[in-house]
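First comes the structure, then the notes that go with it.
What you see is a predicted model, and the numbers here were worked out from it, not measured in a lab.
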Amino acid sequence: GSAEGNFADHHVHSSFIYRQLRHHEKKEIQREILSILGLPRRPKPFTVGKHSSSAPLFMLDLYNAMSSEQETERGAARGSLSYRATLTTQSPPLASLHDTNFLNDADMVMSFVNLVERDKYFSHQRRHYKEFRFDLTQIPEGEAVTAAEFRIYKDRSNSRYENDTFRITIYQVLKEYSNRDADLFLLDGKKIRASAGGWLVFDITATSNHWVVNPQHNLGLQLCVEIMDGRTINIRSAGLIGRYGPQSKQPFMVAFFKASEVLLRSVR
Amino acid sequence: AANSKRKNQNRNKSSSSQDSSRLSGPGDYNSSEQKQACKKHELYVSFRDLGWQDWIIAPEGYAAFYCDGECSFPLNAHMNATNHAIVQTLVHLMFPDNVPKPCCAPTKLNAISVLYFDDSSNVILKKYRNMVVRSCGCH
């Protein structure tokens, strides 16, 4: 709404003569602005209903927080994205507000949609877990990961576990087998009251860096919920929202980048 | 638009001896009486007008501004000018046909942030430096 207001204001106050661009002029301007943005061509996303998904909403919140901070800091030569405001609006107290110093230096933030989500359990141990996968091969050149998070929403769990505490653990899948559980590497874990709700944030920085360098090793993440006696339970009964939940509560991954090189446009 | 103006200006300058009537026209940009001092002009780049609403989430566009105008001696007191711009002006006064006046160009630039989808519907929030003119001056 406010952006639209600014847009309208511009036409009122603009001293620049506005005229309809001819087709080839528009094409040329599009080409030049894409070049400035460092894009070889315009992206063609599949965006039906995507604007109301959790990741775009989270990113828009981040953008708004950053824009308002830039307004107040106009003049000071700080060139970084700030993340603090977003953590307070998007992440209820349930999500840990871990050290955000490294995030203040980010030049780029990117969210990734979950590509695969499978509910599984291994028959002998009846170990329940959920798999998630993210494609990190689309990261623009010259960007190095400084932090990465996996974010999943938790509602109140079903009444059966009302007084329980859950241990939610996230693993990197190292190797998959057809007849037994995959080899896993423990990444992060949290203890949560079953009655609690909100976004859960897991640190997956090291894994993301590994996947960026070795995309062939990206076999995804596994999430597992245990009650305190060690039994694993179904993710859905623990209140965790997966692919079939509301769009605004879909799990996603977010990564923060620092430009490792100056963007140079090609000489024409 | 700013570039085309400048090109026109150069073209007019080179053809001034042949076609003086073009310089004296009431709407002629190059008329020295009408030419303004170097200053910041409004220029809005609209992503919406470019038809990019499907992949750029925010902003709808941004006020880029541009610098244009004449850097003539005495250089405008409230306008920034490099030390070299003063020397350039003096040399121009001595050799007006061979040495151009200093250039009117940005002295301070701001960044903008752009939020957009990529081909895979991932979302990118990226900061682009030196996109918005904060002030102009003579170089």
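A salt bridge links A/R41 and B/D119; the closest N-O separation between the charged side-chain nitrogens and carboxylate oxygens is under 4.0 Å. With respect to the salt-bridge test (charged N to carboxylate O, under 4.0 angstrom), the residues B/D54 and A/R42 qualify. Between B/K101 and B/E70 a salt bridge is recorded (basic side-chain N to carboxylate O distance below 4.0 Å).
In this structure, the portions of A/L34 lying under 4.5 Å from any heavy atom of chain B include both its backbone and its side chain. Heavy atoms closer than 4.5 Å to chain B are found nowhere in A/I139, neither backbone nor side chain.
Evaluation of the side chain to side chain donor-acceptor pair (under 3.5 Å) rule for B/H84 yields no partner, not counting sequence neighbours.
Between chain A and the options B/D118, B/V123, B/I124, the largest number of non-hydrogen pairs under 4.5 Å is found for B/V123. Among A/L39, A/D135, A/I29, the residue with the largest count of heavy-atom pairs under 4.5 Å with chain B is A/L39.
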